[in-house]
Structure formats: C-alpha cells, structure tokens
Amino acid sequence: MILPGLVDVHVHLRSPGGEHKEDFRTGSAAALAGGFTTLLAMPNTQPPLVSLDYWRVAQNQAISQSLCDVFLYAGASAEHLDQLPLLSARAPALKIYLDQTYGPLRVRGLNALEEVMAGWNVDKPICLHAEEESVAVGIALAAVFGRHIHFCHVSRRSEIELIARAKERGLPVTCEVTPHHLFLNENDARRLGPYGDMRPALASSGDQAALWEHINSTVDCIASDHAPHTRAEKERPEGAPPGVPGLESTLPLMLTAVAQGRLSAGRLEELLARNPRRIFNLPEQAETWVEVDPEAEFVFPEHPLYTKCGWSPFEGMRLRGRITRVVLRGREVVRDGIVLNYQKL
Ligand code: DOR
Ligand code: ZN
Ligand code: ZN
C-alpha cells in the first residue's frame, strides 16, 4: 500500500528549552520512522513562541536541524498582543490554550480572548486546546466572528457531538482526534499510571466509542499530540507532567483500525495527509510517499524508538500494518523501520 507523506499537525518537539525530552533532530527522526514528512510543532516551549524573535530563532533551528518539514505554531499570550500581527504573517496557525495543561501558555477571560483573535488578523486557523465547556466557547467565537477554529485533540462524546452540530449549521470549525483517545480509555490510564496521563486525560469507554462513531464524518484529522517527557519525569513522586509520545505509533495504530474495518484506506489518507495539508494550507512535497505492508502483524515497537523519551503507552500492543519505506523528495529516508543516514546520539 502506498500513502502520501503524512502530516502531523500537533506535535511537541520541545525546542527551545526542553531538549532533554526531544529536539528537532530526534523528533523529526521519530516522525520519519512513523511515516510523517510534515510536522506542525506547538509553541508551549521554554520560552514559549509568543514573540516574533523567539518564533524566528526556533523556526530557523527547525529548518536547519530537522530531517523532515517542520512548521511552528505561534503561541497566544495576552501579554504579547503586539506580536500577533507579526506572527500571523509567518506562522501557519495560532495556538490558544483555554485550559490548564503543560507549560505557561493560557489565555484567560473573554476580553483577552477577543484581543488575541483580533491580533491574529489573517485567515489562518486558530487552534484551541479546549476541554468540556471551553469547546462551546470556541464554537461561539467561530459563530460570532466567523473565524476558522480548529479544535485540538477532541476526547469526549459531549465535545465531538457539539462540534458535529456546529458543522451541521455551517460554522467554520474543524477538529482532530489522537490515537491515544481512540485506542485507550480510563481503564488503560489506571494500568499505565503516569505513562497514561495526558491532557485531555483518557476518557470513558463511551467517550472513546463516540470518537469512533465520528471517525468517518466529523473528524477532520488524526494528530498524535506527540508530547514526550522523560521516564525520570514520569516517575517523579511529586507528580508527573502530562503527555505521551505518539509519532511512531500513530500510523501502525490507524492501519490496524483499517485492518479491523473501522475506516477505509482512503479515509486514513484523508485524515493523516489530505485534510491536514488543506486545512493548514501546507505545501505539497514532490516525490514523497510512504510504503506500508498492511498485512504485517507485530508487537509494538518492532525497533528501538527514535523519540528521545524512549517509551510509548502502546508498548506490547499487537498491531497490524508495518511501515516498510519512506521516500522524501525523491530520497529514501526510511527502510525497514530504520531512519537512513541518521546517528542516534
Ligand atoms: O498532555 C499534554 N501534554 N497536553 C498538552 O496540552 C500539552 C502537552 C505537553 O506539552 O506536554
Ligand atoms: Zn493540548
Ligand atoms: Zn499538545
């Protein structure tokens, strides 16, 4: 089976400031190993990417250090409103955190939210980390201001059903779901402990079922929310940071879902390549494709992981669908699970 180069619109590559967890080199190697040739990286770094200066330095680093194409989100901060028009001219999308998660970025209050949206004065997606009633806030903003709102990692039945109804009414909203919310639920969270903790947290089996019910309709993209933290950080007795890696497990998991008849191969291509490229207006990559053996069965992971954190909540899962080859701009970059011309440091 041949797929186009995949696009992950939601990854945390941790640079600047968190390079002990991941960096552009290791994160993009994990991407290629997982079939992704284009990434959109989140701005909740240290410092966060809320000013043109920080954003530009990080974007230049991403270009020089990454093995695939990496674009950086602009981060929304009520303290840096003057930066938003500058960022909006360059970044493919804006990220606003409406709820508490990892890192300092959060926009509180309706005034601040309206000011941030006014500052982002271009027709590029405004992406929300929104949970529960914050999803309704996002839908209201899309309705009142006519702006394209993209909901990150939708995880609950209430949320996906509200988004479905917003779409029925023709509102300019799109959304993504993660493989961890599709394949894991709160029972797995108990089993995995800190390795199954992320925001939004794993939900009930009813919420999980709802995401599958909407996989062929309301859902626009699958995104990994690749959020690596070290084992030492996850084991910290005083509390672990939320987040799980996902770049290397996403395609095998979704191929497994295809093998189970939950979606078609064509739909997988839409969710992992065509829709993300269209929604975020990302450039096509010539002579770029991913070869997979959809019949191959194995226990994940088959090879040592490329993500610097070195673990996965899906370890030990029996999956169906192996990535055999990745070609990026005419160059073979992955063969049989190995990223070519790459030294693990
Ligand atoms: O679990 C999460 N981890 N959710 C987020 O929204 C942020 C992320 C991170 O950066 O680690
Ligand atoms: Zn988030
Ligand atoms: Zn995230």
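Remember, it's 1-based here, ligands and their atoms both numbered in the order they're listed.
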- Would a 4.5 Å heavy-atom cut-off, applied to side chains only, mark Arg157 and Glu213 as touching? yes
- Message: Can you tell me if Lys95 contacts ligand 1 (heavy atom of the residue under 4.0 Å from the ligand)?
- Response: no
Check whether any N or O atom of [X], backbone or side chain, sits under 3.5 Å from an N or O atom of ligand 1, and answer yes or no.
{"X": "His153", "result": "no"}
{"X": "Gly243", "result": "yes"}
{"X": "His12", "result": "yes"}

- Note on the structure: Sorted by chain and number, protein N/O/S atoms nearer to the Zn ion (ligand 2) than 2.8 Å are His129 ND1, His153 NE2
- Measure up the Phe183 and Phe314 rings against each other and bin them: parallel (under 30°), tilted (30 to 60°), perpendicular (over 60°). perpendicular
- When the ring planes of His150 and His148 are compared, do they come out parallel, tilted or perpendicular, using 30° and 60° as the limits? perpendicular
- Note on the structure: Hits for side-chain hydrogen bond (donor to acceptor under 3.5 Å, both in side chains) against Glu291, two or more places apart or cross-chain, chain-then-number order -> Trp289, Arg325
- Item | Under-4.0 Å salt bridge between Asp23 and Lys21 | no
- Pairs meeting criterion salt bridge (charged side-chain N to carboxylate O under 4.0 Å, His left out) with involvement of residues 56-69, two or more places apart: Asp69-Arg329
Would you kindly specify which portion of [X] sits under 4.0 Å from ligand 1, judged on non-hydrogen atoms: side chain, backbone, both or neither?
{"X": "His226", "answer": "neither"}
{"X": "Asn44", "answer": "side chain"}
{"X": "Arg199", "answer": "both"}

- What is the closest protein heavy atom to atom 11 (O) of ligand 1, and at what distance does it sit? Arg14 NH2, 2.7 Å
- Considering heavy atoms of the protein only, find what lies nearest to atom 5 (C) of ligand 1 and give residue, atom and distance to 0.1 Å. Thr101 OG1, 2.7 Å
- Message: For Leu67 versus Val339, what's the shortest heavy-atom pair and its separation?
- Response: CD2-CG1, 3.9 Å
Just jot down the ligand 1 atoms closer than 4.0 angstrom to any heavy atom of [X], in number order.
{"X": "Ala227", "value": "3 (N), 8 (C), 9 (C), 11 (O)"}
{"X": "His229", "value": "11 (O)"}
{"X": "Met198", "value": "1 (O)"}

- Message: Please list all pairs meeting side-chain hydrogen bond (donor to acceptor under 3.5 Å, both in side chains) that have one or both residues in residues 234-251, counting only residues at least two apart or in different chains.
- Response: Tyr195-Glu235
